[in-house]
There are 2 protein chains.
Amino acid sequence: MGVEIERKFLVAGDRWRSGDHPSQGFRQFYLARADGFSARVRIVDEAQAFLTLKTGRGRSRGEFEYPIPLRDAHDLEAARTGELIAKRRHRIAHGRHVIEVDVFEDALHPLVVAEIELETEEDDVALPDWFGREVTDDPAFSNAALAADGLPEEFRS
Amino acid sequence: MGVEIERKFLVAGDRWRSGDHPSQGFRQFYLARADGFSARVRIVDEAQAFLTLKTGRGRSRGEFEYPIPLRDAHDLEAARTGELIAKRRHRIAHGRHVIEVDVFEDALHPLVVAEIELETEEDDVALPDWFGREVTDDPAFSNAALAADGLPEEFRS
């Protein structure tokens with residue numbers, strides 16, 4: 001478990017779509033979501049599935065990911081808590097970093113969120129000009145909150 | 001996922017110990033325990049570890065078990081809910097069945113519980129005479145309840 005520094009931003013418009021980049025379709029849901037522990041199932045392109053456990057709070061967090069049979073993932077959906085999240089993740093090269101742009105679907109449309117992972121807190125990477133407001137510390141934009149509470153107020157029409 | 005019919009009994013005395021039988025030491029704890037979902041980590045003989053998810057209620061239950069690295073199991077202990085359960089499981093041949101006798105340790109000493117798995121509800125296996133009171137339907141004797149609530153009242157001295 002390394003220390004992970006991720007910053008998260010809202011994305012407006014389509015400028016980030018220029019150029020080719022790979023993408024994957026995710027369907028994911030939570031089995032448990034408590035203070036200090038969550039269990040998530042993610043199905044990728046209807047072909048692979050992963051169980052991810054996240055533990056801890058603040059700076060002492062752990063993340064544990066295990067591949068599981070696709071059939072188990074489907075069976076486990078009966079025990080989900082909160083809504084199913086469907087999104088397409090696009091991976092965009094940005095210098096020596098990779099930006100992940102998540103385009104949410106269904107109930108969470110039209111939310112688009114970008115994440116960039118930094119190596120140190122001092123990493124002074126130039127952010128792309130299509131990044132909007134930073135929501136790194138806004139709990140309403142965590143995937144667990146999106147699954148439990150749905151689209152944040154400002155996106156509801 | 002098959003339908004599993006398990007009956008559980010208290011065990012008093014040491015008559016079940018006659019003869020040789022294999023045993024394993026378990027240390028286990030829960031990461032989540034809610035109505036309809038639990039996640040348990042079990043460390044076997046300090047050599048192997050498993051993550052077990054149980055879903056559902058009543059007759060529509062699912063059980064999903066995955067081997068995980070021993071190191072992950074130790075790291076996950078920081079996120080446990082309830083107490084650590086330590087017990088030694090003895091497997092005893094009984095005709096074409098196997099009886100599992102769990103001898104609890106530490107805070108749950110001197111509890112001893114036996115389980116037998118039947119193939120059908122009509123399975124009329126003769127039970128050994130060292131079986132005590134049946135606790136199949138007594139929620140106080142589930143492992144999840146023992147981890148959360150400790151030794152049932154009648155065992156406290």
Side-chain angles (χ1 to χ4, degrees), chain A residues 1-4 27-44 46-85 139 142-145 147-149, chain B residues 1-4 27-44 46-85 139 142-145 147-149:
Chain A
M1 299 190 293
V3 176
E4 197 175 66
R27 292 202 312 129
Q28 62 188 50
F29 54 87
Y30 287 83
L31 294 167
R33 179 192 170 221
D35 187 31
F37 177 73
S38 70
R40 185 192 70 201
V41 174
R42 174 179 282 171
I43 297 169
V44 179
E46 274 307 323
Q48 295 176 285
F50 301 90
L51 174 68
T52 303
L53 309 181
K54 295 188 185 186
T55 61
R57 299 170 192 82
R59 285 167 177 269
S60 59
R61 284 171 181 245
E63 182 168 330
F64 306 85
E65 186 162 83
Y66 309 109
I68 63 173
L70 190 58
R71 185 192 167 149
D72 287 9
H74 289 141
D75 287 345
L76 283 164
E77 197 177 331
R80 76 173 155 80
T81 178
E83 295 304 310
L84 184 78
I85 288 186
S142 74
N143 276 278
D149 307 324
Chain B
M1 298 188 295
V3 177
E4 195 175 67
R27 290 202 314 128
Q28 61 188 51
F29 54 88
Y30 287 84
L31 294 167
R33 179 191 170 222
D35 188 31
F37 178 74
S38 70
R40 184 191 72 202
V41 173
R42 175 179 280 171
I43 297 169
V44 180
E46 274 305 323
Q48 294 176 285
F50 300 91
L51 174 68
T52 303
L53 309 182
K54 296 189 186 185
T55 62
R57 301 170 191 80
R59 283 167 180 269
S60 59
R61 286 174 179 241
E63 183 168 329
F64 306 84
E65 187 162 84
Y66 309 109
I68 63 172
L70 190 58
R71 185 191 166 150
D72 286 9
H74 289 143
D75 287 345
L76 283 164
E77 197 176 331
R80 76 174 156 80
T81 178
E83 294 304 310
L84 185 78
I85 288 185
S142 74
N143 276 279
D149 307 325

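Here is the naming used below: chain letters follow the sequence lines, and residue numbers restart at 1 for every chain. Keep in mind the model is a prediction, meaning the values are calculated, not measured. Just so it is clear, the values below take in all heavy atoms, side chains as well, and ignore hydrogens, waters and symmetry mates.
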CD1 of B:I68 to CG of A:L51, rounded to nearest 0.5 Å, is 9.5 Å
Value for OG1 (A:T55) from CG (B:D75), rounded to nearest 0.5 Å, stands at 8.0 Å
For B:G36 and A:A79 the tightest heavy-atom approach is O-CB, 4.0 Å
dist A:L53:CG -> B:L53:CG (nearest 0.5 Å) comes out at 8.0 Å
Smallest heavy-atom separation, A:L76 atom then B:Y66 atom, equals CD1-OH, 4.2 Å
